[in-house]
Amino acid sequence: MPVDRINTISKYNGLTDKAPVLSRLGSKAWSITKQKVQEAVWKVAQHLLTLYARRKVITGTAFSRPDALFQELEESFAYDETPGQIKAITEVMHDLTTEQCMDRLVCGDVGFGKTEVAIRAAFKVAADGYQVAILVPTTVLAEQHVATFKERLQGFPVTIDCLNRFRSSAEQRQILKDLAAGKIDIIIGTHRLLSKDVVFKRLGLLIIDEEHRFGVTHKERLKMLRTGIDVLTLTATPIPRTLQMSLLGVRDLSVINTPPVNRQSVKTFIAKYSELVIKEAIVRELQRGGQVFLVHNRVHSIHDLAFKVQKLVPEAKIAVAHGQMPGKNLEEIMVSFVRKEVNVLICTTIIESGLDIPNANTIIINRADRMGLAEIYQLRGRVGRSKEQAYAYLLVPSLELLSKDAKQRLRALMDYNELGGGFKLALSDLQIRGGGNILGESQSGTIAAVGYDLYLDLLQRTVEDLKRHGEFGEGGGGPAESAEIDPEINLKVSAFIPEEYIPDLDQRYIAYRRIASVASELEAVDLQEEFVDRYGHLPPATMNLFNVVTLKLELKKLKISKLEEAPSALVISFANNTPASPERILLYVEHHKKTARLTPDSRLVVKVPTASTESIFDTVRKILRSLG
């Protein structure tokens with residue numbers, strides 16, 4: 001490939017282990033495959049944008065701007081907000097005070113202060129006389145959120161309650177009655193909140209914590225709830241689909257990537273399962289007065305493990321917690337762990353979401369190879385929530401016999417071990433698992449046909465295209481017939497990155513891709529400045545490469561398919577749908593009778609004297625300006 005087209009090459013990822021079907025060069029097989037995928041992508045993009053357009057059209061509630069009472073709440077925050085938190089809060093407040101319905105995803109690492117963003121949004125809405133529903137995946141997390149919200153909003157005129165399986169039937173009936181009457185401002189609950197008997201008097205905001213933990217039926221019910229209501233979603237590791245929709249611009253995205261002051265990253269170790277490792281990890285934590293989570297995600301054998309651990313560390317105060325226990329028992333165990341009456345909690349992944357126990361700074365995860373990336377990441381986030389150094393031990397049966405996927409997942413966890421790695425980790429998860437079911441309709445066959453990168457590229461371009469032309473509504477129309485022109489440039493200039501300028505091959509390849517992917521002149525200038533800063537002054541050949549890609553952008557606008565330098569002339573070939581009008585081209589030929597002519601096959605030939613490299617680019621730009 002010419003280096004200015006290197007961005008068209010990408011690693012093939014078809015989401016399956018099957019080898020891709022290769023097309024024979026020169027045959028039409030590839031363009032037919034691509035056209036079919038384009039049609040499937042177009043339907044997905046239409047659906048995406050219909051949702052997007054509905055959201056733009058439906059007017060929500062414009063809440064009042066933050067007032068003195070809101071400032072009082074801000075001042076009562078015990079910590080200094082991080083720059084990331086301030087940005088997320090500002091963006092959420094802006095969304096709430098405009099009429100357009102909010103659909104914002106706040107992605108922040110575990111313990112980076114997403115809850116505070118939710119508290120302020122909920123308070124603003126409640127202060128304006130509307131109700132807020134906060135949906136969380138587990139009962140334990142619901143209880144913890146209630147405690148946090150009540151503590152933060154103490155002394156403010158806001159009523160908070162919780163609806164989950166820890167509440168008796170009589171309590172639940174009373175809560176539902178109060179909710180319908182508008183006596184409760186903020187209700188926190190599990191999927192119980194999605195039941196048909198839950199009626200709000202004046203719902204203004206829906207906050208969803210870890211949306212990917214809810215099932216398909218819950219999500220359908222959520223869709224019904226969402227229309228006309230502001231929605232704020234919080235997540236530590238956005239799953240690929242959620243993330244992809246945000247990257248496509250269908251949902252708004254705020255990323256909190258600044259860690260709280262004095263926070264240290266969790267030291268992570270991958271080890272073969274061994275009782276000695278378990279014993280040492282527990283003993284070391286107990287000696288410094290801390291607490292330990294031991295995650296074992298098999299209920300039938302969890303008590304056997306607890307018995308083993310008690311024998312290994314007789315001084316440990318052990319308790320077992322899992323989701324099949326009666327609600328009251330589970331609550332009692334969690335409370336005794338929070339109160340430090342228990343110092344080793346052997347549990348299933350029930351502790352995955354949101355639990356905040358600053359004294360627990362060691363977590364041991366058994367059979368980490370069986371867990372998803374987001375799951376391990378969330379579990380690891382249960383520790384390291386204080387100034388103490390925290391440790392995570394990922395135990396696997398054998399380091400040699402791990403599956404390829406498990407190896408990649410665990411390697412990604414080690415790579416993104418630093419604070420704020422969650423977002424990068426989600427992008428890595430996106431590359432490992434691919435997008436899978438984008439929008440819930442299986443696209444894996446379509447993706448396998450052209451590879452994940454090209455599929456996303458087509459989807460991104462189609463979404464942008466439809467947005468530009470305002471073709472929302474479902475049904476009508478079809479994918480644009482004309483694919484985007486990728487002009488071919490054949491000028492007699494040296495345009496490349498010399499080896500001595502960027503000696504590392506990988507870095508040089510990335511640099512080529514970045515130059516070839518430039519989408520505007522401004523972006524090219526920024527990239528040039530970055531290169532000068534990183535590698536020193538641009539060599540003439542690299543400057544030429546930048547000139548070629550920016551020239552390509554101008555050729556694209558005029559839908560010129562080819563620009564070539566013949567001996568002492570430039571030859572310009574136009575695509576059939578070029579916006580350069582025939583009158584304009586003929587006028588140019590008329591004005592430059594001695595140097596320009598139009599051939600029968602509609603190619604413009606312009607005589608140019610043999611000149612320096614700089615002047616060839618200037619000459620081409622002058623011609624394009626006359627035609628544009």
| request: Would you sort out whether Leu205 and Leu203 count as a side chain to side chain contact (heavy atoms under 4.5 Å, CB included), showing the intermediate values? | output: CA-CA 6 Å; Leu205 174 65; Leu203 183 62; over 6 Å; no
| Between Thr235 and Leu105, is a side chain to side chain contact (heavy atoms under 4.5 Å, CB included) present by the stated rule, with each step listed? | CA-CA 7 Å; Thr235 184; Leu105 174 67; 3.5 Å; yes
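Phe123 is listed as a side-chain neighbour of Leu69, based on a closest heavy-atom distance under 4.5 Å. Side-chain contact between Thr362 and Val383 is absent, with no heavy-atom pair separated by less than 4.5 Å. Ile365 is listed as a side-chain neighbour of Ile376, based on a closest heavy-atom distance under 4.5 Å. The closest side-chain heavy-atom distance from Leu153 to Ile119 is below 4.5 Å. The side-chain heavy atoms of Leu394 and Ile364, taken from C-beta on, include no pair separated by under 4.5 Å. For the pair Met102/Val231, no side-chain contact is recorded, criterion being any heavy-atom separation below 4.5 Å from C-beta on. Taking 4.5 Å as the limit, some side-chain heavy atom of Ile256 sits within range of a side-chain heavy atom of Val117. With contacts defined as side-chain heavy-atom distances shorter than 4.5 Å, the pair Arg370/Arg298 qualifies.
Within a 6.0 Å radius of CG in Asp80, other residues, nucleotides and ligands contribute 12 heavy atoms or fewer. Counting non-hydrogen atoms of neighbouring residues, nucleotides and ligands closer than 6.0 angstrom, the CZ atom of Phe307 reaches no more than 12 such neighbours.
Although no hydrogens or angles enter the test, the distance criterion places no donor-acceptor pair under 3.5 Å between the side chain of Arg192 and the main chain of Asn164. Without hydrogens or angle criteria, Ser403 side chain to Ala406 main chain gives a donor-acceptor distance under 3.5 Å. A donor-acceptor distance shorter than 3.5 angstrom exists from the side chain of Lys114 to the backbone of Gly108, with no hydrogens or angles considered. Between the side chain of Glu275 and the backbone N or O of Leu312, no donor-acceptor pair lies under 3.5 Å. Side-chain N or O atoms of Gln85 include one that pairs as donor or acceptor with a backbone N or O of Gly113 at under 3.5 Å. Panel note: side chain Thr268, backbone Val266; a donor-acceptor pair is recorded below 3.5 Å.
For the residue pair Asn359 and Gln291, a side-chain donor N or O sits within less than 3.5 Å of a side-chain acceptor on the partner. Side-chain N/O atoms of Asn297 and His322 include no donor and acceptor closer than 3.5 Å. If you check the side chains of Ser301 and His296, you find a donor sitting under 3.5 Å from an acceptor.
Scanning both residues, Phe293 and Ala360, for their nearest heavy atoms gives CE1-CB, 3.6 Å.
Considering only residues two or more places apart in sequence or on other chains, His191 meets the ring pair (Phe, Tyr, Trp, His ring centres under 6.0 Å) condition with His218. Judged as a side chain to side chain contact (heavy atoms under 4.5 Å, CB included), and not counting sequence neighbours, the contacts of Glu388 are Arg288, Asn361, Ser386.
With a 6.0 Å cutoff to the six-membered ring centre and a 45° limit on the axis angle, Arg284 counts as a cation-pi contact of Tyr391.
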